[in-house]
Protein chains: 2
Amino acid sequence: MKAATIRDVADRADVSVASVSRVLTGAGPVTETTRKKVMEAVDALQYVPHSGARSLSTSKTQTIGVILPDLYGEYFSELIRGMDVGARALGYHLIVSSSHDDAEEASAAIRSMRGRVDGLIVLSPHLDAANLATSLAGRLPILLMNGGADAGRPSIVVDNHGGAVQAVEHLIATGRRRIAHISGPTGNLEAESRLAGYLEAMARANLPTTVVEGAFTQASGHQVGAELAARSERPDAIFAGNDMMAVGAMLALQDAGLSVPEDVALVGFDDVPIAELVRPGLTTLRIRIADTGRSALERLVRLVDAAGAPADTACEVVRPELVVRPSSDPAAQARTTSGDRPRDSASLPHLKGENPQ
Amino acid sequence: MKAATIRDVADRADVSVASVSRVLTGAGPVTETTRKKVMEAVDALQYVPHSGARSLSTSKTQTIGVILPDLYGEYFSELIRGMDVGARALGYHLIVSSSHDDAEEASAAIRSMRGRVDGLIVLSPHLDAANLATSLAGRLPILLMNGGADAGRPSIVVDNHGGAVQAVEHLIATGRRRIAHISGPTGNLEAESRLAGYLEAMARANLPTTVVEGAFTQASGHQVGAELAARSERPDAIFAGNDMMAVGAMLALQDAGLSVPEDVALVGFDDVPIAELVRPGLTTLRIRIADTGRSALERLVRLVDAAGAPADTACEVVRPELVVRPSSDPAAQARTTSGDRPRDSASLPHLKGENPQ
DNA sequence: CTGTTAGCGCGTTCAA
DNA sequence: TTGAACGCGCTAACAG
């Protein structure tokens, strides 16, 4: 009734467990006859190695843990998707752990990963967690993606500041002057960098600033958008801290009878898949999200394999690219689909696949 | 340099490993003094139990594996999100494995899960995989969600047929007659059930049918939508096999200068988050995706805990609910955001959270 | 080339 | 109440 173990196979094949192991792992010298005997026993017993036991003995789990605050929205799911693609390619598994509201929870999650994973990718935006991570995990390779340019530690950050500057400069170049910013939540590092970029670019152009705080959600974008639309000094452009808020704002503006981009131009950040599906298509700063996720995973695996080699403590910077769509420029070609979005390397062919949804 | 083990803690606390274990697991009688000594040693050494080793000894991993064909699109990511919420609540981890193009790969993935998980949720649409699953996994509890009403095995299926009938009847009731269907890919069970529902409802109403095959992707929906828009006998309504294709078709129709719903009414399936963000809002059949994912996980965990109890082999049916939005009925209130979408139980408060994206 | 044996880190009997 | 010893299933030395 119970699953067969390596010992069962050995008995049935009339060899030692060591031989079975050799055959299955491909390591060590084995006679063709023994190999055959083993293989026969294996599929007679439907034997499948117990990866948990193997992990204990090799101290390699072939699994990467991903700690993130949330799985809500397209940003994180795209990221996970990219990581998953990379993991598969490298023979790794992915164990995700999300919904960590505070640093406490996040570090508990990290702790519970010991003995379960070979490395960790941490996206928790909590500063503390980043520090806790290294101490708690105890020599577990960690790749930080929490937005803080954590120099001296392997990490990947988006150039949020630079991206924001690009956004504002684009709006200015297309004739906008009253440019408002819907920021992400206070305390979020990404949000603060984007805000700083906005402020800097506006100051450089000698323009007055308007900042309203959102929460990186579509609902908050909608709320703030409605509020801005109702102001007497209505802005003629809005730079939202991310695409979800931009989409929310777009709908609010349209509900208020305003036209995008004629009355108000709109720019988001991230280039999530939705960005090109809304009407008008949303101008945004493209992060190749899935690709970033994939390369993050690959880098971590490299880190795991290197185990103690000349430390890779670089802080890789991802530079977002401005993608102009009709939400900020009526002249932008309003390609509707699968047009301006390049197939990223983390994508698989889907046109005729067997994917169910 | 290396992480401390239970033995290190025992030595430092000057007790046996058994006592340390008792203190940490909370099982067995322990003196207050020993407990204190142990705890001191624990945080002096920053000790964290090795969950892999614990799993081997207890033969419980506290981990659930999820096998799915793809992570692309909002359907699966919502599902995963719901599962993750449930997992956290129950103290379980989630290990995801996707991108299985064929049954071969899928079963390999399942096999590699042995010793790594306590149970499996399988969403692979490959018929074979479903059967292989039970044989390969060897007494590993499995919950099937692959669309086939696999009676006699624990499973959850969506009433695709019934949902499709609802969609068609709604379109007929609002005066449409030339109703076309963009189906999902052949061989996909969900797609075929929806197609069957469409055909049946149309036959019952004595209406001629038009079916074009898509691939459940937005790109394929766009392609088919453009093709339908160009036909001389243009349909006055389209029922798409899922929301992503419906969105693609909507954009294609609009690109062709047609108005939705005046010229062509549109109905999708799934009610992914995007459905209420496009303009006009998309009429669809709501599956509470995250909730479904969450309850799936909870049920599997119950199955794991039951281990051999009176078998739960029920085939739970999720009945989709028609949500009418402007894409099929101009009179439908065009609420823009966070309006008609109820907060599912798998949701967390986000309005003012610290989620970074 | 093969078999024996010692761990991997922890939970858990069973005596004491 | 505590500790010593065994086993979880497997890999990797080391003999043979």
Side-chain angles (χ1 to χ4, degrees), chain A residues 2-39 41-42 45-63 111-118 138-140 307, chain B residues 2-38 41-42 45-63 111-118 138-140:
Chain A
K2 300 187 55 180
T5 77
I6 196 175
R7 170 144 273 124
D8 299 327
V9 177
D11 289 351
R12 193 173 214 282
D14 203 47
V15 297
S16 73
V17 292
S19 294
V20 177
S21 177
R22 288 190 194 98
V23 171
L24 265 35
T25 60
V30 187
T31 314
E32 185 52 37
T33 57
T34 17
R35 138 173 239 82
K36 253 189 77 177
K37 285 197 296 182
V38 169
M39 290 314 284
V42 162
L45 268 49
Q46 300 234 53
Y47 171 70
V48 179
H50 189 290
S51 31
R54 176 178 293 184
S55 295
L56 188 57
S57 132
T58 59
S59 51
K60 278 276 302 173
T61 61
Q62 295 289 105
T63 304
R111 226 169 310 152
S112 76
M113 290 289 191
R114 159 156 143 89
R116 215 186 275 287
V117 301
D118 294 334
R139 294 279 78 54
L140 202 55
Chain B
K2 299 188 56 180
T5 77
I6 196 174
R7 170 145 272 123
D8 299 327
V9 177
D11 289 351
R12 194 173 212 283
D14 202 45
V15 296
S16 74
V17 292
S19 294
V20 178
S21 176
R22 290 188 194 100
V23 171
L24 264 34
T25 60
V30 186
T31 314
E32 186 52 38
T33 57
T34 13
R35 138 172 239 83
K36 253 189 74 176
K37 284 198 296 185
V38 168
V42 163
L45 269 50
Q46 299 232 57
Y47 171 70
V48 178
H50 188 289
S51 31
R54 176 178 294 187
S55 295
L56 188 56
S57 137
T58 59
S59 52
K60 278 275 300 171
T61 61
Q62 295 289 109
T63 303
R111 226 169 309 153
S112 77
M113 289 289 190
R114 158 153 142 92
R116 214 186 276 286
V117 301
D118 294 334
R139 292 280 79 52
L140 202 55

Spatial distance of atom CZ (R111(B)) from atom CG (L140(B)) [nearest 0.5 Å]: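 Interatomic distance, R111(B) CZ to L140(B) CG, rounded to 0.5 Å: 13.5 Å.
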
Salt bridge (Lys or Arg N to Asp or Glu O under 4.0 Å) between K60(B) and D118(B), intermediate numbers included: CA-CA 6 Å; K60(B) 278 275 300 171; D118(B) 294 334; 3.5 Å; yes

Give a yes or no on whether the backbone of [Y] and the side-chain of [X] come within a donor-acceptor separation of less than 3.5 Å.
| X | Y | result |
| --- | --- | --- |
| S59(A) | L56(A) | no |
| R114(B) | V48(A) | yes |
| S21(B) | V17(B) | no |
| T61(A) | S55(A) | no |
| D8(A) | T5(A) | yes |

Heavy-atom distance under 4.5 Å between the side chains of R35(A) and E32(A), does that happen here?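 R35(A) vs E32(A): side chains touch.
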
Would you call T34(B) and V23(B) a side-chain contact if the rule is heavy atoms closer than 4.5 Å?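 With C-beta onward as the side chain, the pair stays apart.
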
Check every nucleotide of DNA chain C for an atom under 4.0 Å from a heavy-atom of chain A, then give the first and the last such nucleotide from 5' to 3'.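 Contact span on the strand: dC1(C) to dC10(C).
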
For DNA chain D, whose closest nucleotide is more 5', that of P29(B) or that of S57(B)?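 Its nearest nucleotide lies further toward 5', so the answer is P29(B).
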
Assess, by modelled atom type and distance only, whether the side chains of R116(B) and T63(A) contain a donor and an acceptor separated by less than 3.5 Å.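 Yes - a donor-acceptor pair under 3.5 Å links their side chains.
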
Using the closest heavy atom to pick a nucleotide of DNA chain C for each, name whichever of S51(B) or T33(A) lands nearer the 5' end.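 Whichever sits nearer the 5' end wins; that is T33(A).
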
Need one value for [X]: base, sugar-phosphate or nothing, where a base atom within 4.0 Å counts as base even if backbone is also close, heavy atoms only.
| X | value |
| --- | --- |
| S55(B) | nothing |
| T25(A) | sugar-phosphate |
| T58(B) | sugar-phosphate |

Going by heavy atoms closer than 4.0 Å, what residues in residues 6-20 of chain A are next to DNA chain D?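 Nucleic-acid contacts, sorted: I6(A), A18(A).
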
Heavy-atom contact window of chain B on DNA chain D, given 5' to 3' at under 4.0 Å: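 Span of nucleotides near chain B: dT1(D) to dC10(D).
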
Mind listing the closest non-hydrogen atom pair of S16(A) and A10(A) along with its distance?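 Of all heavy-atom pairs spanning S16(A) and A10(A), the closest is C-CB, 3.8 Å.
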
